[in-house]
There are 2 protein chains.
Amino acid sequence: MATGRSHRPATRSRGIPEATVARLPLYLRALTALSERSVPTVSSEELAAAAGVNSAKLRKDFSYLGSYGTRGVGYDVEYLVYQISRELGLTQDWPVVIVGIGNLGAALANYGGFASRGFRVAALIDADAAMTGKLVAGMPVRHTDELEKIIVENEVSIGVIATPAGAAQQVCDRLVAAGVTSILNFAPTVLSVPDGVDVRKVDLSIELQILAFHEQRKAGEGGAPAEAEGAVGVEGAAAKVTKPATTADSDRAGDDNKGPDGDVPAVMPA
Amino acid sequence: MATGRSHRPATRSRGIPEATVARLPLYLRALTALSERSVPTVSSEELAAAAGVNSAKLRKDFSYLGSYGTRGVGYDVEYLVYQISRELGLTQDWPVVIVGIGNLGAALANYGGFASRGFRVAALIDADAAMTGKLVAGMPVRHTDELEKIIVENEVSIGVIATPAGAAQQVCDRLVAAGVTSILNFAPTVLSVPDGVDVRKVDLSIELQILAFHEQRKAGEGGAPAEAEGAVGVEGAAAKVTKPATTADSDRAGDDNKGPDGDVPAVMPA
DNA sequence: GGCTGTGAACAGTTTCACAGCG
DNA sequence: CGCTGTGAAACTGTTCACAGCC
């Protein structure tokens, strides 16, 4: 499987760490809000609070982009908005296609957050012929048969997959074959793509499961209201709870064993 | 803001790293699929491929849960499904409420991935009186006025916010006041919550922006088809692209900024 | 022989704390 | 003085490589 080639120290494209890239959109949103309120400058402390991170992290992040602040003053809001937008590639237009116009696809089509950034929905595509021509978010749904044509004609390089899991890989293959090199996958499947194609996935149920994990920990613990740090609860979450609470371990596996010698608990949820 | 208390070495509840917790749902899904095909055992290599991670990582992850494998053989599928479910807290029932029944809320309500895990949608709630009583995914939408009552009566501890950004914080406050301690936020806002409440967020446009960043890097590069490693394109993506492409910097900021002080590694293997 | 489990090396990320500039 | 920018320290996460068991 793994093609001969081994590791790779690279990872960084031009010096901007992935973790930083993932936060730039956050900063951008906070800055956009400030910009709309005509706030001229902002300190790392204020901006960090608005973005839900801590200020040291924010300053470090910005330091990878360059020195865009003014000591003793802060950052110029407009200028930073521009710099981050440029860094993210949002100063250009990105045509995207959304494949799979079910509930989720429709939600995505209607989502204002796309258009307001540099994204333009070039087409909505669905395999169901009954959907063809229907208007969703003011656009006619087009049939899967046209997928390749649409991709090529619009020079689409980003595709969003919102189909059922079963159709995802096939759609993915067609998108890639037609020229798409970045895919946002909402279907609960692992997609295989050739080298050079980026895939990011968003899985609704995974997020809930992670919450359940932490929730369970809280419940297992009697008192202690757990703690966190800065007023805001950011993405990563975690780092909460307060105790090992070896409790709940009761049922089994308490020690080491592994083996249901010949049989399994089978208790399973559903 | 920050309440006296400072850091906390903790982070790990009972030894399971956050990164591992975040992957457990992935393994669980792959295992469930194997289970449905009645596959009795699976090796770390196979399971890793199915989950889209590498086998060393998977083995390390599992080692935090205990020794559930058999050397020379692999893992018992059913048993692992059970262990992971238990670890994630999915062997119990988690009633959740979804607030904001727009396109996205409806998509979530219809999403099968919830019910199939331990999640049960206890109620769909919307502020629009015109929605009240309407059936979505077979459930009647209820009005926001009832929010507190619903939470308490159903002992809901997990809430999903799918409202417009403007309403999110207010909804969040009410959820928390009524007893919710875990929130999955789809609204593009940073939520403030008291200590002990977990928030995870899913932001559709952020994911696209991250893709755009990488896409831009690819475009800046002429040839080199970039590389990746094992056939599958996993979540984190990144680590692709092939060149710094200091190019695009042209327009502005060419003057004062200093970035990484000249050096700039530039080029890369290729 | 095959595959798990894991210490140890490595890589990436966050936090600290303070020098340096406006 | 205030606030940015950043080395260095601390930490978290990943990968390697192999001992140990089946």
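Chain letters run A, B, ... following the sequence lines, proteins first, then strands; residues in each count from 1. All values derive from a computational prediction rather than experimental measurement. Worth knowing before you read on, the calculation uses all heavy atoms, side chains too, and leaves out hydrogens, waters and symmetry mates.
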Closest listed nucleotide, where the reference is the side chain of B/Glu18 and the choices are C/dG5, C/dG22, D/dG13: D/dG13

Between B/Leu80 (CG) and C/dG5 (C1'), how many Å, whole number? 14 Å

Under the criterion side chain to side chain contact (heavy atoms under 4.5 Å, CB included), which of B/Val39, B/Val77, B/Leu58 is the partner of B/Leu47? B/Leu58

Please evaluate residues A/Glu87 and B/Arg217 with respect to the criterion salt bridge (charged side-chain N to carboxylate O under 4.0 Å, His left out), reporting the C-alpha separation (whole Å), side-chain torsions for both, the decisive distance (0.1 Å), and the verdict. CA-CA 10 Å; A/Glu87 197 64 61; B/Arg217 287 292 151 98; 2.9 Å; yes

Rounded to whole angstrom units, what separation is found between the NZ atom of B/Lys57 and the C1' atom of C/dG12? 12 Å

Given D/dT6, is OP1 or OP2 found less than 4.0 Å from the side-chain N or O atoms of A/Lys60? no

Look at A/Asn54 and C/dT15 and indicate whether a side-chain polar atom (N or O) is within less than 4.0 Å of OP1 or OP2. yes

A/Thr20 or A/Thr70: which one's nearest nucleotide on DNA chain C is closer to the 5' end? A/Thr20

Give a yes or no on whether the backbone of A/Ser43 and the side-chain of A/Glu46 come within a donor-acceptor separation of less than 3.5 Å. yes

Hey, does the side chain of A/Arg59 come within less than 4.0 Å of C/dC16's phosphate (OP1/OP2), counting only N and O? no

Taking only N and O in the side chain of A/Ser44, is any of them less than 4.0 Å away from OP1 or OP2 of D/dC3? no

Below the 4.0 Å mark, does C/dC3 have OP1 or OP2 next to a side-chain nitrogen or oxygen of B/Tyr68? no

From CG of B/Leu47 over to P of C/dC3, roughly how many Å is that when rounded to an integer? 14 Å

With a 3.5 Å distance limit and no angle check, can you tell me whether A/Gln169 reaches the backbone of A/Ser192 through a side-chain donor-acceptor pair? yes

Any donor-acceptor N/O pair, A/Lys201 side chain to A/Phe186 backbone, under 3.5 Å: no

Would you kindly compare B/Asp61 and A/Ala56 by the position of their nearest DNA chain C nucleotide and give the one closer to the 5′ end? B/Asp61

How long is the line joining CG of A/Leu58 and P of C/dT13, in whole Å? 16 Å

C/dT14 phosphate, OP1 or OP2: any side-chain N/O from A/Tyr64 under 4.0 angstrom? no

Considering only side-chain heavy atoms of B/Arg71, which listed nucleotide, D/dT4, D/dG20, C/dT15, is closest? D/dG20

Calculate the interatomic distance between A/Glu45 atom CD and C/dA17 atom P; express it in whole Å. 15 Å

What is the distance, to the nearest angstrom, from the CG atom on B/Asp76 to the C1' atom on C/dT4? 15 Å

Just checking B/Phe62: base, sugar-phosphate only, or nothing, at a heavy-atom cut-off of under 4.0 Å? nothing

